[in-house]
**Student:** 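Please find one structure pasted underneath; my questions will follow.
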Amino acid sequence: MTEIERIVRTFHESWDLRDPDRGATVIAEDCHFEDVARGEVLSGPEAYKQDYRRWRDAFPDGEVKITNVIVAGEWAVVEFVNRGTQTGTLQSSLGEFPPTGRAMEVRYCSVMKVKDGKVVEGRDYYDSASIAKQLGLVGS
């Protein structure tokens with residue numbers, strides 16, 4: 001395993017391990033991480049931890065399972081599956097959604113740049129409409 005793969009795995013595995021501090025250790029202070037589906041940019045380790053808490057509050061049983069990592073130079077692509085049951089309030093750029101008690105499972109792709117042992121840039125791509133449908137927030 002390359003050092004870059006180790007770093008991006010640390011970032012993603014921290015979600016499943018329920019350890020946001022572990023993930024924050026590999027994020028540069030000036031990191032800009034864009035959630036493309038939500039149209040939001042998270043800056044630095046503290047924003048990462050806030051986003052973790054937002055997701056964990058909505059999906060206390062949530063899991064993140066890495067399925068593939070591809071490394072090329074300073075860049076890594078991480079494919080993973082995110083699943084969980086929405087038993088808490090979901091905070092989103094579209095507003096707050098009360099618990100539905102419904103499960104969701106969606107595939108994600110993260111594109112991340114690593115420099116000097118830290119994630120300095122990244123983007124998450126996923127199908128937010130699929131999540132909304134699975135949770136019953138929109139018609140199918």
Side-chain angles (χ1 to χ4, degrees):
M1 178 182 314
T2 69
E3 180 65 5
I4 289 177
E5 181 175 350
R6 184 195 66 75
I7 289 164
V8 298
R9 281 184 176 277
T10 297
F11 177 95
H12 285 87
E13 290 169 352
S14 68
W15 291 78
D16 208 40
L17 294 171
R18 292 163 167 66
D19 188 355
D21 291 329
R22 179 179 186 262
T25 65
V26 297
I27 301 171
E29 287 296 327
D30 60 350
C31 175
H32 284 47
F33 202 95
E34 182 181 3
D35 184 313
V36 175
R38 290 193 336 241
E40 296 175 8
V41 176
L42 307 172
S43 298
E46 287 307 312
Y48 162 83
K49 289 194 279 188
Q50 288 173 356
D51 193 51
Y52 168 88
R53 286 189 289 275
R54 178 196 63 79
W55 181 78
R56 184 61 68 199
D57 287 348
F59 302 96
D61 67 341
E63 297 179 337
V64 170
K65 299 297 183 188
I66 297 170
T67 58
N68 193 24
V69 178
I70 301 166
V71 176
E74 295 179 316
W75 290 90
V77 174
V78 182
E79 294 178 290
F80 59 99
V81 175
N82 182 340
R83 65 176 64 93
T85 307
Q86 189 210 356
T87 57
T89 300
L90 175 61
Q91 307 284 334
S92 131
S93 55
L94 300 174
E96 287 188 9
F97 298 93
T100 64
R102 294 177 71 167
M104 68 88 190
E105 178 173 313
V106 69
R107 295 182 336 183
Y108 277 64
C109 183
S110 287
V111 179
M112 307 171 84
K113 183 176 184 180
V114 177
K115 195 169 185 177
D116 299 323
K118 301 276 187 178
V119 176
V120 296
E121 180 182 338
R123 287 173 292 288
D124 269 349
Y125 299 94
Y126 58 95
D127 182 2
S128 59
S130 174
I131 294 171
K133 285 179 187 175
Q134 290 176 62
L135 296 178
L137 302 175
V138 296
S140 46

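Numbering starts at 1 and runs along the sequence shown.
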**Student:** Which pair of non-hydrogen atoms, one from Tyr52 and one from Ser14, has the smallest distance, and what is that distance?
**Tutor:**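 Tyr52 and Ser14 have their closest heavy atoms at CE1-O, 4.4 Å.
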**Student:** May I ask you to test the Arg22-Leu17 pair for a side-chain heavy-atom distance under 4.5 Å?
**Tutor:** yes
**Student:** Filter on side chain to side chain donor-acceptor pair (under 3.5 Å), then keep only pairs touching residues 30-44, sequence neighbours left out; what's left?
**Tutor:**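 Qualifying pairs: Asp35-Arg38, Asp35-Tyr126, Arg38-Glu40, Arg38-Asp51.
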**Student:** Any non-hydrogen side-chain atom of Thr89 less than 4.5 Å from a side-chain atom of Pro99?
**Tutor:** yes
**Student:** Quick one: pull up CD1 in Ile7 and CD1 in Ile27 and give me the separation to the nearest 0.5 Å.
**Tutor:** 11.5 Å
**Student:** So which heavy atom on Gly84 is nearest to which on Phe59, and how close?
**Tutor:**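 For Gly84 versus Phe59, the nearest heavy atoms are C-CD2, 3.7 Å.
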**Student:** Does atom CG of Asp21 have more than 12 heavy-atom neighbours from other groups under 6.0 Å away?
**Tutor:**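 Atom CG in Asp21 is crowded, with more than 12 foreign heavy atoms closer than 6.0 Å.
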**Student:** Parallel, tilted or perpendicular for Tyr108 and Phe80, by the 30°/60° rule?
**Tutor:**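 Parallel.
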**Student:** Could you walk me through whether Asp61 and Thr87 satisfy the side-chain contact (heavy atoms from CB on, under 4.5 Å) test, starting with their C-alpha distance in whole Å, then the side-chain angles of each, then the deciding distance to 0.1 Å, before giving a yes or no?
**Tutor:** CA-CA 9 Å; Asp61 67 341; Thr87 57; 5.7 Å; no
**Student:** With side chains defined as the heavy atoms from C-beta onward, is the minimum distance between Val114 and Val8 less than 4.5 Å?
**Tutor:**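 A side-chain contact exists here, since the closest heavy-atom pair is under 4.5 Å.
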**Student:** For Arg9, what residues pass the salt bridge (Lys or Arg N to Asp or Glu O under 4.0 Å) criterion, not counting sequence neighbours?
**Tutor:**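 Counting only residues at least two positions away or on another chain, Arg9 forms a salt bridge (Lys or Arg N to Asp or Glu O under 4.0 Å) with Glu5, Glu13.
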**Student:** Any heavy-atom pair between the side chains of Arg107 and Val81 that's under 4.5 Å?
**Tutor:**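 Val81 vs Arg107: side chains touch.
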**Student:** Going from CH2 on Trp75 to CD1 on Ile4, what distance comes out if it is rounded to the nearest 0.5 angstrom?
**Tutor:**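 Rounded to the nearest 0.5 Å, the CH2-CD1 separation comes out at 10.5 Å.
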**Student:** Over all heavy atoms of both residues, which pair between Gly62 and Arg18 is shortest? Give the atoms and the distance, please.
**Tutor:**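 Minimum heavy-atom separation between Gly62 and Arg18: O-NH2, 3.4 Å.
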**Student:** Measure the shortest side-chain to side-chain distance between Gln86 and Met104 over non-hydrogen atoms and say whether it is less than 4.5 angstrom.
**Tutor:** no
**Student:** Quick one: pull up CD in Glu63 and OG1 in Thr85 and give me the separation to the nearest 0.5 Å.
**Tutor:**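 It comes to 9.5 Å.
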**Student:** Would you sort out whether Trp55 and Asn82 count as a side-chain contact (heavy atoms from CB on, under 4.5 Å), showing the intermediate values?
**Tutor:** CA-CA 11 Å; Trp55 181 78; Asn82 182 340; 3.0 Å; yes
**Student:** Please give me the minimum heavy-atom distance between Thr100 and Leu135, naming the atom from each residue.
**Tutor:** CG2-O, 3.3 Å
**Student:** Where is the tightest heavy-atom contact between Gln134 and Glu105, given as atom of each residue plus distance?
**Tutor:** OE1-N, 2.7 Å
**Student:** Let me check something: do Tyr125 and Val64 share a hydrophobic cluster, defined by ILVMFWY side-chain heavy atoms less than 4.5 Å apart, either directly or through other members?
**Tutor:** no
**Student:** Give the intermediate values and the outcome of side-chain contact (heavy atoms from CB on, under 4.5 Å) for residues Arg54 and Leu90.
**Tutor:** CA-CA 7 Å; Arg54 178 196 63 79; Leu90 175 61; 3.8 Å; yes
**Student:** So, for His12 and Ser110, which heavy atoms are closest and what is the spacing to 0.1 Å?
**Tutor:** NE2-OG, 3.1 Å
**Student:** Could you grab the distance from atom CZ of Arg83 to atom CD1 of Ile131, nearest 0.5 Å is fine?
**Tutor:** 13.0 Å
